[in-house]
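Below you'll find the structure, written out as structure tokens, and then a few comments.
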Amino acid sequence: HRGMQTPAALLRARLTPDNPAIAMSAHNPLSAKLAAEAGFGAIWGSGFELSAAHAVPDASILSWETHLAAMRAMVEVQDAPVVADIDTGSGNAVSVAYLVPRYAAAGVAAVVMEDKTFPKDSSLRVGGRQELVPVEEFQGKVEAARVAGGPLVIARTEALIAGLGQDEALRRGIAYAEAGADAVLIHSKQKTPDEIITFCQSWPGQVPLVLVPTSYPQLSFGDIAALGKVGLIICGNHAIRAAVAAMRDTFGRILAEGGIAGVESRIASVRDIFALQGDDHMRDLEQRFLR
Ligand code: SPV
Ligand code: MG
């Protein structure tokens with residue numbers, strides 16, 4: 001139980017480079033609850049997953065209000081700290097100054113903000129639009145994101161994604177830490193971990209790094225811990241991909257088999273779903289208050 005500790009303090013205590021926290025993505029409160037139940041140390045409030053759950057591209061199509069409502073709902077149903085993916089912060093530093101307090105009020109533990117221009121495009125999209133804002137401008141956005149007693153600010157550089165090279169990625173990471181970021185997310189879409197390993201080895205280490213190893217899954221959590229620089233590992237999209245694979249399989253079987261009997265043992269029971277809905281709690285309320 002989180003007790004009196006704020007979500008930010010709880011997450012900060014878990015950002016230990018010798019034993020990084022592992023965050024699992026979520027696209028709704030149920031997936032957040034399942035991730036917490038599985039034992040993940042944090043929930044990744046992924047823009048990619050939420051967009052996919054709405055069947056739209058991850059390109060600033062959904063409003064920030066939709067994302068914020070999803071984060072609040074995730075916080076309400078489980079106790080793991082929620083790391084909110086605020087993309088570009090929906091505009092400039094002034095937008096960020098209005099946005100982050102709303103996320104703070106929703107109870108998130110951290111916001112992750114990336115140095116792309118608004119509207120963003122997905123980092124993982126082949127041929128995606130990857131234009132970055134100037135370093136000084138993003139430093140202003142990091143400063144604007146810092147709310148007294150509020151969420152941790154994780155500054156994310158897309159320099160490697162944009163093909164700008166190691167020196168630019170390092171320059172940006174260091175500048176963002178100097179602007180007050182609590183951690184720096186370095187993203188890569190290379191299919192091997194080489195450029196990420198190089199970056200981690202050169203990182204001076206004033207704040208912990210955050211990795212999203214979607215494109216280089218061969219780098220295990222143990223390998224990442226051995227680098228000694230990474231405080232948080234984000235499994236970026238595994239909840240929505242698991243959900244899509246499971247639904248496709250079940251839907252296909254039901255039509256192919258001409259009935260629902262064949263999938264019964266392959267899917268969660270109705271009883272299991274009642275438990276996830278918090279039925280015990282409602283029974284308790286009924287006992288105490290209904291008369
Ligand atoms: C997300 O999950 O929304 C992310 C990670 O930001 S990525 O999709 O790899 O950009
Ligand atoms: Mg995102």
Please give me the minimum heavy-atom distance between [X] and [Y], naming the atom from each residue.
| X | Y | result |
| --- | --- | --- |
| Val210 | Ala183 | CG2-CB, 4.0 Å |
| Pro101 | Ala97 | CD-O, 3.2 Å |
| Ala239 | Ser31 | CB-CB, 4.4 Å |
| Ile43 | Ala36 | CD1-N, 4.0 Å |
| Lys189 | Ser123 | CD-O, 3.2 Å |
| Cys235 | Phe40 | SG-CE2, 4.4 Å |

How many angstroms lie between atom [atom1] of [X] and atom [atom2] of [Y], to the nearest 0.5 angstrom?
| X | Y | atom1 | atom2 | value |
| --- | --- | --- | --- | --- |
| Leu219 | Ile224 | CG | CD1 | 4.5 Å |
| Ile240 | Ser25 | CD1 | OG | 8.5 Å |
| Met71 | Thr66 | CE | OG1 | 10.5 Å |
| Asp85 | Met113 | CG | CE | 11.5 Å |
| Ile154 | Leu11 | CD1 | CG | 6.0 Å |
| Gln277 | Met282 | CD | CE | 8.5 Å |

Connected via hydrophobic side-chain network under 4.5 Å: [X] and [Y]:
| X | Y | answer |
| --- | --- | --- |
| Leu227 | Leu170 | yes |
| Val230 | Ile186 | yes |
| Ile22 | Met24 | yes |
| Trp44 | Val111 | no |
| Val207 | Val153 | no |

**OP:** Ignoring hydrogens and angles, tell me if any N or O in the side chain of Gln130 forms a donor-acceptor pair with the backbone of Ser122 under 3.5 Å.
**Re:** yes
Original post:
Where the side chain of Glu114 meets the backbone of Lys116, is there a donor-acceptor pair that is under 3.5 Å apart?
Top reply: no
**OP:** Evaluate side chain to side chain contact (heavy atoms under 4.5 Å, CB included) for Trp203 paired with Val184, printing each intermediate quantity in order.
**Re:** CA-CA 10 Å; Trp203 179 246; Val184 167; 3.9 Å; yes
Name all pairs fulfilling the ring pair (Phe, Tyr, Trp, His ring centres under 6.0 Å) condition that reach into [range], sequence neighbours left out, sorted by first residue then second.
| range | result |
| --- | --- |
| residues 56-115 | His67-Tyr103 |
| residues 125-162 | Phe138-Tyr176 |
| residues 221-240 | none |

Remaining members of the apolar cluster that contains [X], side-chain heavy atoms under 4.5 Å:
| X | result |
| --- | --- |
| Ile260 | Ile254, Val263, Ile267 |
| Leu285 | Phe289 |
| Ile161 | none |

Original post:
Does any pair with a residue in residues 31-59 pass salt bridge (charged side-chain N to carboxylate O under 4.0 Å, His left out), and if so which ones, sequence neighbours excluded?
Top reply: Asp58-Lys120
Original post:
Pairs in or reaching into residues 269-283: which pass salt bridge (charged side-chain N to carboxylate O under 4.0 Å, His left out), with residues at least two apart or in two chains?
Top reply: Asp279-Arg283
Can you tell if the side chain of [X] reaches within under 4.5 Å of the side chain of [Y], non-hydrogen atoms only?
| X | Y | answer |
| --- | --- | --- |
| Asn237 | Leu124 | yes |
| Pro204 | Ile174 | yes |
| Phe199 | Leu209 | yes |
| Ile234 | Leu185 | yes |

Original post:
What pairs with Ala21 under side-chain contact (heavy atoms from CB on, under 4.5 Å), at least two apart in sequence or on another chain?
Top reply: Arg14, Leu232
**OP:** Please report the C-alpha distance between Leu132 and Glu158 in whole Å, then the side-chain angles of each, then the deciding distance to 0.1 Å, and finally whether the side chain to side chain contact (heavy atoms under 4.5 Å, CB included) criterion is met.
**Re:** CA-CA 7 Å; Leu132 307 199; Glu158 297 285 292; 3.7 Å; yes
**OP:** Please test Leu276 against Leu34 for side chain to side chain contact (heavy atoms under 4.5 Å, CB included), starting from the C-alpha separation and ending with a verdict.
**Re:** CA-CA 8 Å; Leu276 288 165; Leu34 288 168; 3.8 Å; yes
For atom [atom1] of [X], is the number of surrounding heavy atoms from other residues, nucleotides or ligands below 6.0 Å larger than 12?
| X | atom1 | answer |
| --- | --- | --- |
| Glu286 | CD | yes |
| Phe118 | CZ | yes |
| Glu131 | CD | no |

Original post:
How would you list, by chain and number, every residue that makes a salt bridge (Lys or Arg N to Asp or Glu O under 4.0 Å) with Arg12, sequence neighbours excluded?
Top reply: Asp182
**OP:** Start with the C-alpha gap between Arg253 and Asp249, add the side-chain angles, then the distance that decides, and say whether salt bridge (charged side-chain N to carboxylate O under 4.0 Å, His left out) holds.
**Re:** CA-CA 6 Å; Arg253 276 174 197 274; Asp249 179 68; 3.2 Å; yes
Original post:
Going by atom types only, do Asp115 and Thr157 share a side-chain donor-acceptor pair under 3.5 Å?
Top reply: yes
Show me, pair by pair, the donor-acceptor contacts under 3.5 angstrom made by side chains of residues 139-152, not counting sequence neighbours?
residue, atom, partner, partner atom, Å
Gln139, NE2, Ala175, O, 2.9
Lys141, NZ, Thr88, O, 2.7
Lys141, NZ, Gly91, O, 2.7

Original post:
Any Lys/Arg nitrogen of Glu76 or Arg72 sitting under 4.0 Å from an Asp/Glu carboxylate oxygen of the other?
Top reply: no
Subject >> Derivation and outcome, side chain to side chain contact (heavy atoms under 4.5 Å, CB included), residues Leu160 and Gln166 >> reply: CA-CA 7 Å; Leu160 296 178; Gln166 290 284 337; 4.2 Å; yes
Subject >> Pairs involving residues 209-222, ordered by first then second residue, that meet side-chain hydrogen bond (donor to acceptor under 3.5 Å, both in side chains) (sequence neighbours left out) >> reply: Ser220-Asp223
